[in-house]
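First comes the structure, then the notes that go with it.
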Amino acid sequence: MTLIRSVSLRRILDSRGNPTVEADVLTESGGFGRAAAPSGASTGEYEAIELPTGEAIAAARQHAVPRLVGEVHAGNQRDVDAALHGSDGTDDFSIIGANSAVAISMAAAKAGADVLGAPLFQHLGGTFRGDSFPVPLGNVVGGGEHAKEATHIQEFLAAPIGAPSVSEAVFANAAVHERIGELLDERGVPAGKGDEGAWAPAVDDATAFEIVAQATEDVADDVGFDIGVGLDVAASELYDPEDEVYRYGDVERTPAEQVDYMADLVDEYDLAYVEDPVEENDFDGFADLTERVGDRTVLCGDDLFVTNVERLQRGIDEGAGNAILVKPNQIGTLSDAVDAVELATRNGLDAVVSHRSGETEDATIAHLAVATNAPFIKTGTVGGERTAKLNELIRIAEDAV
Ligand SMILES: C=C(OP(=O)(O)O)C(=O)O
Ligand SMILES: [Mg+2]
């Protein structure tokens, strides 16, 4: 029923105005799925390879499409993703591009769901999914690789951990974003927005902490539930491997000082979530921090794990982190992303399904988070490419997809 009849690939715009790959998958019975690849700015060294869009499309047309059309059923995600791997033949999708691979993988899943007449989350996760929802981590202030002349820490996140529903959580994050706008205004600090829609003021990290703490407290008082503060430090971007120091402007920290600094921040701000507190090769530092504060906060590996089960297994073996960020385009297929979530879950780690800084209106990750019962999703706060996912979560919760 879901035998693939055609796969079309095209170049579309992402939220930064860069080209990205969109895939359409059509089945013999008329099922249709469309999906687009996101793109990172603070990419991890060990991610699958994103090729220039034109090259990725040409290579996928040559190698992947013939292996899919008339050969593979869109409803069988493992077969689709095995065909993508088979057509590429490398460990990192450097032949067809992880951007082509992930677009086709997600479009096939949607085509399979379309034939079945089921919502995507149910096709991917089964009939018993859809009752529990991830806590949305909302980027409200940021800098790093996502905005020049702003904070050194890449993302300050609102974490509405006490919200009674996903809808209330999503609106709380938007209220925190708005409140921060007011607080910046009161201080006379002008602020544009970074790539993910977070405020990008030219303030130091300590000031950003003050403002975010104030805004989350104010909104928590209004809505009547707990809103914590989280961070994506994206520490690889701060690390200078030659001098072996982290550089926050003029302030330098050795790897040991970086771990101390992160542990101090967790306690000072009662942080609910910290992503990439140390650089992507420092499993030891990550493990040290996990030992020190892993009982009271979520310590998540993004560049550390890159959605890769081998790197995740190393983290599990060494006690590095208690959560994994899951970005399908870091690894290239939905099957690989689900494998990472399942390995994490079996070992007591939390999965945090995530957008990229360069996004489209594609909402697949909302369904992936619900399908895998992930406790968190990180997908921004405002801006159409971010609200596409947040609004889809609200629809899923209402059985309106
Ligand atoms: C979403 C992130 O940014 P990017 O997509 O630039 O890697 C991140 O680092 O978690
Ligand atoms: Mg990150």
Side-chain angles (χ1 to χ4, degrees), residues 14-18 20 36-50 98-99 102 134 136-148 150-159 173 193-198 200 230-239 246 262 271 273-282 286 297-308 311-312 315 320-321 323-332 337 340 350-360 362 364-366 368-369 374 376-383 385-386 388-390:
D14 79 5
S15 54
R16 277 193 275 255
N18 293 327
T20 191
S39 175
S42 64
T43 46
E45 188 182 336
Y46 303 101
E47 292 193 20
I49 305 297
E50 178 188 318
N99 36 347
V102 81
L137 301 169
N139 189 359
V140 287
V141 171
E145 289 298 298
H146 295 169
K148 298 280 170 251
T151 55
H152 294 295
I153 290 176
Q154 180 179 283
E155 300 168 25
F156 292 78
L157 301 152
N173 283 353
K193 291 180 189 168
D195 286 354
E196 294 181 357
L231 301 179
D232 180 1
V233 182
S236 297
E237 304 294 340
L238 301 171
Y239 188 62
Y246 293 85
M262 290 296 129
L271 296 178
Y273 175 88
V274 184
E275 182 180 319
D276 283 353
V278 296
E279 59 97 11
E280 61 207 337
N281 294 298
D282 190 5
F286 223 117
T297 193
V298 178
L299 292 172
C300 184
D302 171 11
D303 294 347
L304 183 77
F305 295 140
V306 291
T307 319
N308 178 313
R311 290 185 67 83
L312 175 59
I324 178 175
L325 207 73
V326 176
K327 292 168 165 171
N329 82 319
Q330 274 184 334
I331 195 70
D350 285 341
V352 184
V353 175
S354 173
H355 67 168
R356 301 306 306 247
S357 49
E359 267 295 340
T360 70
D362 190 285
T364 305
I365 59 166
L368 180 64
F376 297 99
I377 187 169
K378 188 177 87 157
T379 186
T381 304
V382 296
E385 72 281 5
R386 317 292 153 188
K389 286 80 162 162
L390 299 168

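In listed order, ligands and their atoms are each counted from 1.
Residues passing the salt bridge (charged side-chain N to carboxylate O under 4.0 Å, His left out) test with Glu275 are Lys378, sequence neighbours excluded. Here Glu359 pairs with Lys389 under the salt bridge (charged side-chain N to carboxylate O under 4.0 Å, His left out) rule; sequence neighbours left out.
For Glu47 and Arg356, the salt-bridge test passes: some basic side-chain N is under 4.0 Å from an acidic carboxylate O.
Counted by atom type alone, Ser39 and Glu50 present one or more donor-acceptor pairs between their side chains at under 3.5 Å. Side-chain contact of Asn139 with Glu196: a donor-acceptor pair under 3.5 Å is present, judged by distance alone.
With hydrogens and angles disregarded, a donor-acceptor distance shorter than 3.5 Å links the side chain of Thr297 to the backbone of Leu271. Proximity of a side-chain donor or acceptor of Asp276 to a complementary backbone N or O of Gly301 within less than 3.5 Å is not detected.
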Sub-3.5 Å pairs, protein N or O with ligand 1 N or O:
| unit_1 | atom_1 | unit_2 | atom_2 | d |
| --- | --- | --- | --- | --- |
| ligand 1 | 3 (O) | His146 | NE2 | 3.1 |
| ligand 1 | 5 (O) | Arg356 | NE | 2.8 |
| ligand 1 | 5 (O) | Ser357 | N | 2.7 |
| ligand 1 | 5 (O) | Ser357 | OG | 3.3 |
| ligand 1 | 6 (O) | Ala41 | N | 2.7 |
| ligand 1 | 6 (O) | Ser42 | N | 2.9 |
| ligand 1 | 6 (O) | Ser42 | OG | 3.4 |
| ligand 1 | 6 (O) | His146 | NE2 | 2.8 |
| ligand 1 | 6 (O) | Ser357 | OG | 2.6 |
| ligand 1 | 7 (O) | Ser42 | O | 3.2 |
| ligand 1 | 7 (O) | Ser42 | OG | 3.2 |
| ligand 1 | 7 (O) | Lys327 | NZ | 3.3 |
| ligand 1 | 7 (O) | Arg356 | NH2 | 2.8 |
| ligand 1 | 9 (O) | Ser42 | OG | 3.2 |
| ligand 1 | 9 (O) | Gln154 | NE2 | 3.0 |
| ligand 1 | 9 (O) | Asp232 | OD2 | 3.1 |
| ligand 1 | 9 (O) | Asp302 | OD2 | 3.2 |
| ligand 1 | 10 (O) | Asp232 | OD2 | 3.0 |
| ligand 1 | 10 (O) | Glu275 | OE2 | 3.0 |
| ligand 1 | 10 (O) | Asp302 | OD2 | 3.0 |
| ligand 1 | 10 (O) | Lys327 | NZ | 3.1 |
| ligand 1 | 10 (O) | Lys378 | NZ | 2.7 |

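Considering Val352, Thr307, Ile377 as possible partners of Val326, the one that fulfils the side-chain contact (heavy atoms from CB on, under 4.5 Å) test is Thr307.
Within the 4.5 Å cutoff, no side-chain heavy atoms of Pro38 are placed close to those of His355.
For the Mg ion (ligand 2), the set of protein N/O/S atoms nearer than 2.8 Å consists of Asp232 OD2, Glu275 OE2, Asp302 OD2, ordered by chain and number.
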